[in-house]
Amino acid sequence: MSVSQFDLSAFEEEAHEKWTHSFESNPSKLEKYYLNVAFPYPSGAMHVGHGRTYIVPDVVARYQRMKGKQVLFPMAFHVTGAPVVGISKRIANKDEKTIRLYRDLYRVPQNVLDEFTDPLTIVKHFANEYQRVMTACGLSIDWRRRFITVDPTYSKFIEWQWKHLYEAGHVIKGVHPVRYCTVDDNPVGDHDLLEGDKAEVIKFTLVMFRFGDAFIPCATLRPETIHGVTNLWANPTVTYVKALVDGRAWIISKEAAEKLVLQDHTVEIREEIKGSDLVDKKVSHPLCGEVPILPAEFVDPDMASGMVMSVPAHAPFDYIALRDLQQAGKYTTIKPIPLIKVEGYGEVPAQFAVEKAAIANQMDSRMDALTQEIYSAEFSKGKLFAQYGGKPVKIARDEVAELMTEKYDSVVMYEFDQRPVICRCGNRVKVKILHDQWFLKYSDPAWKQEVSDHLKDMALVPPEVRVEFDRTVDWLKDWACTRRVGLGTRFPWDKQQLIEPLSDSTVYMAYYTIAHKIREIDPKLLTPEVFDYIFLGKKSDDLPQKKKLDAMREEFLYWYPYDFRFSAKDLISNHLTFQIFHHCTVFEGQKKFLPKGMVVFGMGLLNGAKMSSSKGNVFLLEDAVSEFGGDTVRMFLMGSAEPWQDFDWRNELVLSTKKQIERFYNTVMEIKDASGEPHDIDRWLMSRLQEHIARTTEALDNFQTRQALQEAYFGIETDLKWYRRRMPKDCDGSRDLHTLCSVWTRLLAPFIPFTGEHLWKEMAGEGLISFAPWPVADKKLVNEKIELAEELLARTVEDIESIRKLIQITPKSITIALAPAWKHDIFRMIATASDRNSVIKEIMKDENMRKRGKEATDAAKQCTTLIHRLPPYVVEPLAREPINEKAVFDSAKAFLEQEFGVPVHIVEAEGSGLVKALTALPFKPAIIIE
RNA sequence: GGGAGGAUAGGAAAGCUGGCCAACUCCGCCGGACUUAAGAUCCGGUCCUUAGUGGUUCAUGGGUUCGAAUCCCAUUCCUCCCA
C-alpha cells in the first residue's frame with residue numbers, strides 16, 4: 001500500500017538512483033540533437049528564476065530523447081570576470097551587507113564563508129551548489145562535460161579562438177574611458193560601486209574661453225550653443241587653480257585638475273585663484289565675442305572643469321540663474337540670445353518652458369526633467385537660425401565641435417552623466433582614459449554582413465526577436481574586450497590583461513563536444529594546431545596523441561553545430577549576437593558548423609515584483625524543490641507561461657500545481673489496471689486521445705511548454721471526467737484505459753520525470769520512461785462520428801441543466817424532441833452555401849419547403865444563427881452528412897436518466913403535439929421539462 | 001532620445017490570417033454532493049438579464065468594413081534593450 005502512495009520525495013530518490021549515468025551521451029547511429037544554455041555565473045545561490053532557464057531546455061531534451069534522438073545537454077560554469085573579485089574583497093573587508101547576503105540568504109556555512117576571501121573559492125563552491133540543485137530538479141545533463149572557464153585547458157581553447165579572431169583582423173587596439181578609483185588604482189566594475197551604478201561616461205567638449213594669457217575651459221554637450229553664450233558662471237566660494245595643462249595655462253577647479261591627469265593631460269598647478277576674484281572679469285571666444293563671468297553657487301567644482309558657460313535662451317538653469325540675479329537688480333543689460341528655432345517653444349525656449357511650468361527658482365525638482373525635455377526637443381526638431389548656418393541641431397552639433405577642436409583649441413573631457421559615483425572604498429570614482437585597450441571590431445561592415453547573412457538561416461523562437469537581432473547587428477560598435485582585474489584567460493598580445501568575460505564565452509558550445517576528452521591531454525600540448533585539427537580538420541605534423549584527437553574530432557563532427565541555444569532575452573544585444581560573430585570567424589567558410597537556432601526567454605517575477613538577489617526578493621530554487629518537490633517546481637514553471645513570456649512565482653499557485661500532480665498520479669494508479677470490455681465511449685476516449693497526442697507534440701516542437709501541458713494534462717483530464725460520467729454505474733472502465741495511462745504518463749514525462757519514472761515502473765513499462773518512445777497519434781483511431789455524437793450529448797445535457805436551474809421546479813420527466821429531416825436539409829444547404837445571404841431564397845424555391853411557408857423561413861433563420869454559433873469542427877462534418885440523432889439519444893437514454901434522476905423520453909418533434917418541440921433544430925433538440 | 005513588445009473577467013492567460021468570441025484553460029472565491037469532520041474528489045455558479053435568450057464588453061479616442069478583441073491611426077500606461 002505504501003508503495004502506491006503519492007510521495008514525491010520518494011519518487012525523486014528512486015529516480016536519481018536510476019539516472020546516475022543515464023544522460024551521458026556519446027555519438028551513435030541515432031540522429032543527434034544538441035541543445036545548450038547560456039552557462040551560469042555562480043556567484044550566489046540559484047533562485048526559481050534560474051530554475052526555469054534550465055528546466056525549459058531539459059524538458060526539450062527529454063522530449064527529443066523520447067523521440068529517439070541522441071541528445072546532448074551539457075553544462076559548465078562561467079567564472080571569469082570581476083564581480084566575484086569584488087565580492088571576495090568585500091567579504092575580506094567584513095562588509096556587513098555582503099556577509100548577510102551570503103550567510104543568511106544563501107546560507108553559506110561559516111567555515112566555507114571564511115574561505116570566500118579567495119574569489120575562485122566562491123565560484124567553485126557555488127558551481128558545486130548549482131550542480132547539486134540542478135540535479136535535484138531532475139535536469140538530464142551530461143555532467144562529464146562540466147568545466148569552468150578558468151581551467152587551463154579551456155584557456156588554451158580561448159587562445160586558439162582569439163588567434164583566429166586576430167588573424168581575421170577583428171582584434172584592434174585603441175583608447176577607452178573607464179570608471180577608475182585612484183585609491184584602489186583600478187578600474188571600477190558595476191559591483192564595486194557603492195553608489196552611481198547607473199552613471200555613464202559622457203563625452204564633453206571643452207569650449208576654451210580666452211582669459212588674459214590663459215584659457216577657461218567650459219564643458220558642454222551642446223557646443224553649437226556657443227553662439228548664444230551671454231556669460232560664464234563661476235562659483236565665488238570655490239577655489240580655482242591656474243595650471244599648465246599640456247604646457248598651456250588653464251583656469252579650472254582643483255578637482256578638474258586631478259581628473260585631467262587621468263585623461264591624458266600633463267597638469268602642473270601654478271597658483272590658486274579664488275572664485276570671487278574671477279567674478280565680473282571678461283572672457284572671450286571667437287564664436288561669441290566678449291562675455292563677463294557671473295557668480296553662481298550652483299556651479300559644482302566636481303563637475304567637469306568647474307566652470308560653466310551660460311546660454312540662458314536654451315538652458316533652463318542658466319535662464320533662472322540669470323533671472324534671479326536680474327531680479328536683484330544686477331546685470332540687467334544681459335539678454336538671452338536665442339539661436340535655435342524649435343516648434344512649440346516660442347522665441348526663447350528656456351524662458352518659454354520655465355514660465356509654462358511656473359518654476360519659481362533653481363531648487364525646483366522639475367528642473368532636471370525640463371532641461372532634458374528642451375535638450376531632446378532641440379536635438380530632434382531644432383534648427384539653427386539662418387545667421388548661424390541654418391542647419392538642424394543634430395548636424396550642427398558635430399560640425400561645431402569639430403570646428404572648435406580644429407581651430408579653437410577645444411579638447412574632449414569625459415565625465416559622468418550623474419553623480420555621485422562612489423567606490424566601495426568610499427572614494428569618488430573618476431574617469432580615466434585607458435591606453436592599450438583592445439577592442440573587437442564589431443563595427444566592421446564585412447563582419448556584420450556575414451552575421452546578418454547567417455541570421456537569416458537561423459531558427460529564432462519566438463519569431464518577434466528577429467528584428468531585435470537585426471537591429472543589434474546593425475548598431476553594434478567596437479567592444480572593449482580586455483580587462484585588468486578579475487579572473488580569466490590572459491590576453492595573448494598583452495599578458496598584463498585578461499579577456500573580458502563576455503568575449504571568452506562565445507564558442508564554448510563547440511568545446512562541450514570534447515570537454516570530457518580533452519582533459520586527458522596535458523594543457524602544455526594544446527597548441528592552436530591541435531584545435532585546428534579537432535574543430536577545422538586541418539592536418540599538421542607532430543600532433544600529439546593522434547588517437548585521442550581523432551576521437552574528439554569525431555565527437556565534434558557528430559554533435560556540431562548545435563541545434564538550439566537557450567538564453568534570457570537581455571542577452572540578445574550582447575552575448576547572443578557576439579557568439580554568431582565569433583562562430584562566423586572561427587568557422588570561416590564552414591557554414592555547416594554555424595548555430596542553427598535560438599530560443600529566447602522572458603524574465604522571472606516573484607509575487608509580481610522583479611526578482612533581485614540584492615533586494616532580497618528571491619525564492620531559492622533549492623527551497624522550492626524541498627518544499628514542493630522537483631516535479632511540482634518543473635510543472636509550475638513550465639505551465640504558468642510560455643518560455644519567452646515573463647512568469648510570476650506565487651507559492652499558492654505552486655501548491656495547487658502539486659495537487660494536480662497528485663490527482664494525476666492517483667487517477668493513473670486507479671485506472672491503469674482496468675480490464676473491462678471497451679464501449680462506444682472508449683472509442684470516443686481513444687479518438688480524443690489521438691488529438692491530444694498530436695497537439696502536445698506540435699506544441700513541444702514549437703517550445704510551447706505551457707500549451708503542451710494544457711493539452712497533455714488538462715485536455716486529457718477533462719476527457720476522463722466526461723468518460724467517467726458516461727460510464728455505467730457498475731463498470732470500472734475498459735482495458736483501453738491502460739493504453740491511455742501509458743500514453744498520458746509518457747506525454748507528461750518530460751515535465752514531471754520523477755512521477756513519470758515511478759508510474760512507468762508501476763505500469764511495468766520497459767526500461768526508463770526517460771527513454772521510452774514518445775506516443776504517436778494513430779489516425780485510424782480518430783472517429784469523427786463518435787466525437788460528434790458525444791458533442792451533441794454533452795451540449796444537450798448542458799442545455800437541460802441550465803433550463804432546470806432557471807425553472808426551479810422539481811422535474812418529473814424530461815422530453816427530448818428531435819428536429820425533422822427537412823430541417824436537417826435546410827441546415828446542410830445553409831452550411832454548404834457559399835453565400836449565406838441568398839441561400840434562404842434558394843431554399844424557398846424548393847417545392848417541399850414552400851408548402852411549409854413561414855415555418856421553413858423561420859427554421860432557416862434559426863439554422864443560420866446556429867451555424868454561426870457552432871464551432872467549425874461541428875458544422876463541417878454535419879454539412880457533409882447528418883448524424884442519426886435518434887440513435888445517439890436512444891443509446892444514451894440510460895445515462896440521461898441516471899444523470900437527471902427522472903424518466904427521459906426521446907421523440908420526433910413532428911407529430912409529438914408539443915408546442916415547444918417546434919423549436920427543435922439539428923444538433924439542438926427541443927427540451928421539455930415537466 | 002532610439003528600438004522591441006505589451007494592455008482581455010478577482011489573478012494568470014488563450015483568442016489576434018476580421019464573422020464561430022461572454023471569450024479555451026488554470027488559480028481564487030461562492031454554493032451543493034460525498035464525509036463524523038477536515039482534506040481530497042465530483043457537480044454548479046462567478047458582467048446584467050433570461051426556459052436553454054438577449055444586452056453591454058476585450059486600456060482610451062477615432063477610422064476601414066455589411067460586420068473588429070482581431071486591421072489602420074492617435075493618445076495614455078507598463079516591461080525590456082540600447083543610448
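These numbers come from the heavy atoms of this one structure, side chains and all, not from hydrogens, waters or symmetry mates. Protein chains get the first letters and strands the later ones, always in sequence-line order, with residue 1 at the start of each.
- When rounded to the nearest whole Å, the span between CG of A/D478 and C1' of B/C82 equals 16 Å.
- Below 30°, between 30° and 60°, or above 60°: for A/F6 and A/F11 the angle between ring planes is above 60°, a perpendicular geometry.
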- [ ] Could you check A/E670 against A/T667 for side chain to side chain donor-acceptor pair (under 3.5 Å), going step by step and ending with a plain yes or no?
- [x] CA-CA 5 Å; A/E670 195 179 307; A/T667 307; 5.9 Å; no
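- Comparing B/C30 with B/C81, their C1' atoms are spaced 45 Å from each other, to the whole Å.
- The CZ-P distance, from A/R695 to B/U25, rounds to 13 Å in whole Å.
- Residues satisfying the side chain to side chain donor-acceptor pair (under 3.5 Å) test with A/E791, not counting sequence neighbours, are A/R795.
- Every residue two or more places apart in sequence or in another chain that forms a salt bridge (Lys or Arg N to Asp or Glu O under 4.0 Å) with A/R397 is listed here: A/E224.
- Between the P atom of B/U25 and the CH2 atom of A/W722 lies a distance of 14 Å, rounded to the nearest Å.
- Atom P of B/G54 sits at a distance of 49 Å from the matching atom of B/G2, rounded to the whole Å.
- Residue A/K924 is in base contact, counting any heavy-atom pair closer than 4.0 Å across all strands shown.
- Residue order along RNA chain B, read from the 5' end via each residue's closest nucleotide, puts A/K721 first among A/K721 and A/S573.
- Judged purely by atom type and a 3.5 angstrom limit, A/T577 uses its side chain to pair as donor or acceptor with the backbone of A/I572.
- Taking the salt bridge (Lys or Arg N to Asp or Glu O under 4.0 Å) definition, one finds that A/K477 meets it with nothing, sequence neighbours left out.
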Quiz: residues 631-640 of chain A side-chain donor-acceptor pairs under 3.5 angstrom, not counting sequence neighbours:
| residue | atom | partner | partner atom | Å |
| --- | --- | --- | --- | --- |
| A/D631 | OD1 | A/F754 | N | 3.3 |
| A/D631 | OD2 | A/F754 | N | 3.3 |
| A/D631 | OD2 | A/T755 | N | 2.7 |
| A/D631 | OD2 | A/T755 | OG1 | 2.6 |
| A/T632 | OG1 | A/F628 | O | 2.6 |
| A/R634 | NE | A/F751 | O | 2.9 |
| A/R634 | NH1 | A/D58 | OD2 | 2.8 |
| A/R634 | NH1 | A/C137 | O | 2.8 |
| A/R634 | NH1 | A/G138 | O | 3.4 |
| A/R634 | NH2 | A/D58 | OD2 | 2.6 |
| A/R634 | NH2 | A/P750 | O | 2.8 |
| A/S640 | OG | A/F636 | O | 3.3 |

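- Nucleic acid contact for A/P925: base, since at least one base atom lies under 4.0 Å from a heavy atom of the residue.
- To the nearest whole angstrom, the two C1' atoms, one in B/C80 and one in B/G31, are 44 Å apart.
- Atom-to-atom, CZ of A/F636 to P of B/U25 comes out at 20 Å; the value is rounded to the nearest Å.
- Taking the six-membered ring where tryptophan is involved, the planes of A/F895 and A/W722 are perpendicular, since the angle between them exceeds 60° and thus also 30°.
- A distance of about 11 Å separates the P atoms of B/A9 and B/A13, rounded to the whole Å.
- One P atom belongs to B/G52, the other to B/G45, and the distance between them is 15 Å to the nearest Å.
- By the side chain to side chain donor-acceptor pair (under 3.5 Å) test, A/D478 is found to be paired with A/S443, residues two or more places apart in sequence or in another chain being considered.
- Between A/S503 and A/C481, the closest heavy-atom pair is OG-CB, 3.7 Å.
- Taking every heavy atom of residues 698-719 of chain A and every atom of RNA chain B, pairs under 4.0 Å involve A/R706, A/Q710, A/F714, by number.
- Between the CG atom of A/L921 and the C1' atom of B/G52 there is a distance of 12 Å, rounded to whole Å.
- Rounded to a whole angstrom, the distance from the C1' atom of B/U57 to that of B/C21 is 11 Å.
- The side-chain heavy atoms of A/K203 and A/Y414, taken from C-beta on, include a pair separated by under 4.5 Å.
- Note: A/F578 and A/Y442 have parallel aromatic rings, judged against thresholds of 30 and 60 degrees for the angle between ring planes.
- One C1' atom belongs to B/C48, the other to B/G62, and the distance between them is 28 Å to the nearest Å.
- Residues forming a side chain to side chain donor-acceptor pair (under 3.5 Å) with A/R466 (at least two apart in sequence, or on another chain): none.
- Secondary-structure stems of RNA chain B, taken as three or more successive Watson-Crick or G-U wobble pairs (i with j, i+1 with j-1) under a 3.5 Å distance threshold, comprise B:1-7 with B:76-82, B:10-12 with B:25-27, B:28-33 with B:41-46, B:59-63 with B:71-75.
- For the contact set between residues 654-663 of chain A and RNA chain B, defined by any heavy atom under 4.0 Å, the members are A/S656, A/K659, A/Q660, A/R663.
- Looking at heavy atoms from C-beta onward, A/E642 lies in side-chain contact with A/T705 at the 4.5 angstrom threshold.
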All N/O pairs under 3.5 Å across the protein-nucleotides 4-7 of chain B interface:
none

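- For the C1' atoms, the distance linking B/A69 with B/U8 amounts to 7 Å, nearest Å.
- Between A/F581 and A/W447, the ring planes are perpendicular. Angles over 60° get that label, and only those under 30° would be called parallel.
- A straight line from CH2 of A/W479 to P of B/C82 spans 8 Å, rounded to a whole angstrom.
- Salt-bridge formation is detected for the pair A/R663/A/E717: a Lys NZ or Arg NE/NH1/NH2 atom is positioned less than 4.0 Å from an Asp or Glu carboxylate oxygen.
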What protein N or O atoms touch nucleotides 29-34 of chain B N or O atoms at under 3.5 angstrom, if any, and at what distances?
none

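- Expressed to the nearest 0.5 Å, how far CG of A/L792 lies from OG1 of A/T796 amounts to 4.5 Å.
- Residues satisfying the salt bridge (Lys or Arg N to Asp or Glu O under 4.0 Å) criterion with A/E711, sequence neighbours excluded, are A/R695.
- Taking atom CZ on A/F416 and atom P on B/A83, their separation rounds to 15 Å, with Å as the unit.
- Here the C1' atom of nucleotide B/C80 and the CG atom of A/L571 are 12 Å apart, to the nearest Å.
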